[in-house]
Structures are given as structure tokens and as C-alpha cells.
Amino acid sequence: MEAYEPLEPYPPRTANLADILERILDKGIVIAGDIKIDLLDIELLTIRLRLFISSVDTARKAGVDWWETEPALSTRANQDALADENRRLRARLDELQTPQDCLAGDSPKAEKVRRRKEENS
């Protein structure tokens, strides 16, 4: 009687989707591709796609953490963006105030405007 010999040296391993996903998120995977549209040897459009799939911890180890500073994705970044915008608007408002507006108040800026007005008269 002949011994049965498998066609492959090792039978294929079966892995479920959860195992594959866990492995990808743990190690990370990069998918890259370019799409070019040419017309008569003239490049009209180039689209470069780079896709990095990983867990948050793996991405941080790789130096990728843009979601922490994106206002649309992070509450802290959104608050920082609002505070920064508030500072810029206040500075712009101070620049736009007229000397008459400053004279009505008792601020150091109003005092500076009064002195300048007295020196010019």
C-alpha cells in the first residue's frame, strides 16, 4: 500500500478575521499607490495615496499623532484653536480702536493717545 503524501509540505493555516485584524493593528500596514492621468505625454493629474493602518499605540510609536492636534477630532485641540482665535481677534480689535475710543477710557493706551495728542497741539 502506498503512503499518502500531501501536495503541500504544510497544510494552509486558517486564521479568522479577528486574528488578521489584530496582527495588522499591532504591527501596522502601509499601502501606497500613485494614480497618474496623462494626455499625449503631458501629465494632467497625479494623485498619491498613502494609507497607514494601525492601532493608536502603534501609530504613536511610529510618530504619527495628527489626530491629537486636529480641531475636528480632538476636544482639547478645538479648545486650543478657539483660544488662539480669541487672542488674534482681541489683538486685531486693539489695533482697530480709534483714538477717540481710547480717550473715553482710562487705560494705559488711552493715556498714551492723550500724551501724543497734547504733543501734536
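Under the side chain to side chain contact (heavy atoms under 4.5 Å, CB included) test applied with Ile35, the options Ile47, Thr46, Leu45 reduce to a single match, Ile47.
The structure places CG of Leu96 at 10.5 Å from CG of Leu89, a figure rounded to the nearest 0.5 Å. Rounding to the nearest 0.5 Å gives a distance of 10.0 Å between CD1 of Ile29 and CZ of Phe52.
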- Query: Given the rule in the side chain to side chain contact (heavy atoms under 4.5 Å, CB included) test, do Asn86 and Asp84 qualify, once you have shown the distances and angles that lead to the verdict?
  - Reply: CA-CA 5 Å; Asn86 192 7; Asp84 188 42; over 6 Å; no

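Applying the salt bridge (charged side-chain N to carboxylate O under 4.0 Å, His left out) test to residues at least two apart or on different chains, the pairs with a partner in residues 44-57 are Asp34-Arg50.
Using a distance-only test at 3.5 Å, with no hydrogens or angles considered, a donor-acceptor pair links the side chain of Asn16 to the main chain of Asp19. Thr58 places no side-chain N or O within 3.5 Å of a backbone atom of Gly28 that could act as its donor or acceptor partner. Judged purely by atom type and a 3.5 angstrom limit, Ser55 uses its side chain to pair as donor or acceptor with the backbone of Leu25.
Salt bridge annotation for Asp26-Arg23: absent, with no cationic side-chain nitrogen under 4.0 angstrom from a carboxylate oxygen. Between Glu85 and Arg88 there is no salt bridge, since none of the side-chain N atoms of the basic residue sits less than 4.0 Å from a carboxylate O of the acidic one.
For Leu39, the side-chain contact (heavy atoms from CB on, under 4.5 Å) partners at least two apart in sequence or on another chain are Leu44. Listed by chain and residue number, Ala15, Ile24 satisfy the side-chain contact (heavy atoms from CB on, under 4.5 Å) test with Ile20 (two or more places apart in sequence, or in another chain).
No continuous path of ILVMFWY side-chain contacts below 4.5 Å connects Val56 to Leu51, so the two sit in separate hydrophobic clusters.
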